[in-house]
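Worksheet: one structure, shown below.
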Number of protein chains: 4
Amino acid sequence: MVKERKLTRAEQKAQRPLQILDAAFEEFVKNGYAATRVEDIAERVGVTKGTVYVYFETKELLFESMIRHVSRPFGEIATNAETLVGSPPEKLTALLRMVYEQLFDDRQTREVMRLVISEGPKFPDIVERHERDFVNPVIASVEAILAEGVGLGQFHPGPAGFAELMVAPIVTVTVMRLIFGDRREVDKEAYIKAHMELLLHGLHRSAVETA
Amino acid sequence: MVKERKLTRAEQKAQRPLQILDAAFEEFVKNGYAATRVEDIAERVGVTKGTVYVYFETKELLFESMIRHVSRPFGEIATNAETLVGSPPEKLTALLRMVYEQLFDDRQTREVMRLVISEGPKFPDIVERHERDFVNPVIASVEAILAEGVGLGQFHPGPAGFAELMVAPIVTVTVMRLIFGDRREVDKEAYIKAHMELLLHGLHRSAVETA
Amino acid sequence: MVKERKLTRAEQKAQRPLQILDAAFEEFVKNGYAATRVEDIAERVGVTKGTVYVYFETKELLFESMIRHVSRPFGEIATNAETLVGSPPEKLTALLRMVYEQLFDDRQTREVMRLVISEGPKFPDIVERHERDFVNPVIASVEAILAEGVGLGQFHPGPAGFAELMVAPIVTVTVMRLIFGDRREVDKEAYIKAHMELLLHGLHRSAVETA
Amino acid sequence: MVKERKLTRAEQKAQRPLQILDAAFEEFVKNGYAATRVEDIAERVGVTKGTVYVYFETKELLFESMIRHVSRPFGEIATNAETLVGSPPEKLTALLRMVYEQLFDDRQTREVMRLVISEGPKFPDIVERHERDFVNPVIASVEAILAEGVGLGQFHPGPAGFAELMVAPIVTVTVMRLIFGDRREVDKEAYIKAHMELLLHGLHRSAVETA
DNA sequence: CATGAATGAGCATTCATTCAT
DNA sequence: AATGAATGAATGCTCATTCAT
């Protein structure tokens, strides 16, 4: 309220599309594409249906714009991955922490994942975008570190062949959060610690023990 | 077509609900709950809209019945887990193979997972069922083996504290299959092998090497 | 239950149409023509929809048959009216008591009146029947007595010109019963007494007093 | 048509609900609640189905609104009754003339009576409203005059105990008009005159004669 | 006769979209 | 830009009616 006073008319108008996109995110996440009413999105912003159509031609385009809108931060991971320092295990640990933050902690990214799963068949574009902007960069970053580790003789080439395995615990805990919400809480730090131990040392005691 | 002649009225009638459930599965999977038309389900069976309502009172009940219908095989895993023999690593490997078959290979279970993710917020019942009939049994079976391994001094208590970590690669590859379909094919056997190696030995070479 | 044992198959079958008509009466009265489901009528008899169609071609014909069925006793009044004895006031009193019994006390006749009012526009036949079998005979009987009374110099020709006036209190209390059910109970005997006094003596005290 | 040009959007909009209510009255009267199609109401106004739903959430609410709409003038009788002057017989006569105008002459009120009779079981609210706004005020007004007449020694306490008896001829002729329409025309003035004579003097000649 | 599965026309209601103001 | 009245196509659901068994 106080802030809004500061905005000029012009600024406020410039905000409209963004407000609509944010409202659209909430509604589409709550109900899915088909079950969401344009009117509910408008209501959430405090405008009428017609206004939404001033900025977005159709509900489909609004949906796609919204996905693009909330997908913005995705690309950063790849960039940041390049700045990591330390040994491969250290870099891997650091990178995976970034993925936890991005995928598990960030509600928007998490819910985009739900929408990609549920609306993907109807909106191939968002699947492609998700692959290009999120999956591929993450996989590439992980692979780079794995390759380095293998090159240095620190990582086994076997499990290192599938970057997906490294991020799987993150994907899984995220999916469970999508499905069960708060009903199945996890001790995040303990989970991450166990995840890292598993990655680096495996379950087998003899292996580590003798090290 | 030829077969149909053989069916008596009574037989045909007994088939109807099953035919409708199967058709409903296909349509709900393709479009999601809201975007699926009862008429399309009927058409797929070769009957008219009204016939669907002879067997299912509402679209919602049809959806829930369909989920129950295709969720039948879930319980078996827990039962079979108890019959496993061998060392904990062997049993774990065998169990995870069963999960691969159930979750990754079986289209119905895979698609139920999609529906649980997308329609869960609207159908809390299917989330509960999925937790009770699938997630919990699998987790419990894995935990039993992990506990045994820890008890025998073969498994580290650290990573063994989270059964989710063991199945995470399966969940992840399944989710990716849901999202990307055939676009991102994986060499399943190589993936499973890497998965098992990772679980048992970890990435770290020194560990294994020195063993 | 016990009674039914006595019925032979044949007898029971002969009953079917009557049972259906009775059930139809209840349902049509409860919901009106349009809002009544043939299935509910069948259910009330303990048969299925199809059975109703064995005996009645359409819902409309069933409705009309039902009206005819429950309208049976109407004609009797006219017959009985002719057997009345006594002075015109005595005969009028006796006749009106018969109308009270027929119209106000008898649930079937009362409810037929409701149906004539509500479904008359759609079923002109039942209006005609009601006029011919009920209204006209009653009016004619009243008129005959009034004419006799006027002829004998006992009744004023003025009010005696409208037989409707004599039965109006009965019609009115019946309509109120249809509308208000038990919510507005009347002391029937007191009402009839007041009705008769009004008819014969009017409200005006001077008139009676000086008599 | 010509007029419409003159209406501004705003004016037209303000008219819409009223137009719809009027159209609804005609259709509901013609067919009853269940057999009336919202689309026919819309068509009568010259708009489409959807427009009706802009103003009325459901068919039921439209029906109830319509009843309220056409029941507006009911309350006036009670108010006007208080302004009557003259002797009790004069006041009674004047009051009953008002009831004739309201109930018998006014098509809307007459048809509301039909709807109360036919739809009352499904819409208890309209029965209550009819009782509160129409029946009770009329009865109360009549009773006040009767009480006054009895108090002045001009009316017999017997028949004066039931106000319903005084209005019964009006109710009856109205019901007959509902049922038979124009088929059974009455000489209204002669009927009213006979009605009044009956009320005040009764049928019995001796009574009046000797007065 | 009786059944009940199947039909299909019908209807209430919803909602994305348009457009005059 | 913003509104919101109006549209009309769509869709869930109902129910009178039919007919093979």
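No experiment lies behind these values; they were computed from the predicted model shown.
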Q. What is the nucleic acid contact for D/Phe56, judged by heavy atoms within less than 4.0 Å: base, sugar-phosphate only, or nothing?
A. nothing
Q.
Under 3.5 Å, is there any donor-acceptor pair linking the side chain of B/Lys59 to the base of F/dT11?
A. no
(Q) Please report the distance, rounded to the nearest Å, between CD in A/Glu27 and C1' in E/dA16. (A) 15 Å
Q. Can you check the A/Ile20 CD1 to F/dT3 C1' distance for me, whole Å?
A. 13 Å
Q: Calculate, to the nearest 0.5 Å, the distance between atoms OG and CG belonging to C/Ser118 and D/Asn31 respectively.
A: 12.5 Å
Q: Considering non-hydrogen atoms only, spot the tightest contact between A/Pro17 and A/Tyr55 and give its length.
A: CG-CD2, 3.7 Å
Q.
Let's go through A/Glu64 and A/Arg129 carefully: what are the C-alpha distance in whole Å and the side-chain angles of both, what is the deciding distance for salt bridge (charged side-chain N to carboxylate O under 4.0 Å, His left out) to 0.1 Å, and is it a yes or a no?
A. CA-CA 10 Å; A/Glu64 287 166 349; A/Arg129 165 176 308 277; over 6 Å; no
Q. If each of C/Gly46 and D/Glu60 is mapped to the nucleotide of DNA chain E with the nearest heavy atom, which maps nearer the 5' terminus, i.e. the 5' end?
A. C/Gly46
Q) Which comes earlier along DNA chain E counting from the 5' end, the contact point of B/Val47 or that of A/Ala35, where each point is its nearest nucleotide? A) B/Val47
Q: May I ask you to decide if the ring planes of C/Tyr33 and C/Phe28 are parallel, tilted or perpendicular, using 30° and 60° as cut-offs?
A: parallel
(Q) It should be established whether A/Thr51 places a side-chain nitrogen or oxygen under 4.0 Å from OP1 or OP2 of nucleotide F/dA1. (A) no
Q. The side chain of D/Val54 lies closest to which of these nucleotides: F/dA6, E/dT3, E/dA12?
A. F/dA6
Q | Shortest side-chain distance from D/Arg37, nucleotide among F/dT7, E/dA12, E/dT13 | A | E/dA12
**Q.** Selection from F/dC13, F/dA6, E/dA2 that lies nearest to any side-chain heavy atom of C/Arg16
**A.** E/dA2
Q) To the nearest angstrom, how far is B/Ile41 atom CD1 from F/dC13 atom C1'? A) 14 Å
Q: Would you mind telling me which residue lines up with the more 5' stretch of DNA chain F, B/Tyr53 or C/Thr36, judged by nearest nucleotide?
A: B/Tyr53
Q) In whole Å, what is the span from the CD atom of A/Gln15 to the P atom of F/dA1? A) 14 Å
Q: Mind calculating the distance between OH (C/Tyr55) and C1' (F/dT17) to the nearest angstrom?
A: 18 Å
Q. How long is the line joining CG of B/Leu62 and C1' of F/dT11, in whole Å?
A. 15 Å
Q | Separation of atom CD in C/Glu39 from atom C1' in F/dT18, rounded to whole Å | A | 15 Å
Q | For F/dA2, the Watson-Crick or wobble counterpart (both distances under 3.5 Å) | A | E/dT21
Q: Give a yes or no on whether a donor-acceptor pair under 3.5 Å exists between the nucleobase atoms of E/dT7, that is its base, and the side chain of B/Lys49.
A: no
Q.
Rounded at 0.5 Å granularity, tell me how far CZ in D/Phe123 sits from CD in D/Glu128.
A. 14.5 Å
Q) For the pair made of CD in D/Glu43 and C1' in F/dA6, what is the distance, rounded to whole Å? A) 16 Å
Q.
Between C/Gly50 and D/Thr48, which residue's closest nucleotide on DNA chain F lies nearer the 5′ terminus?
A. D/Thr48
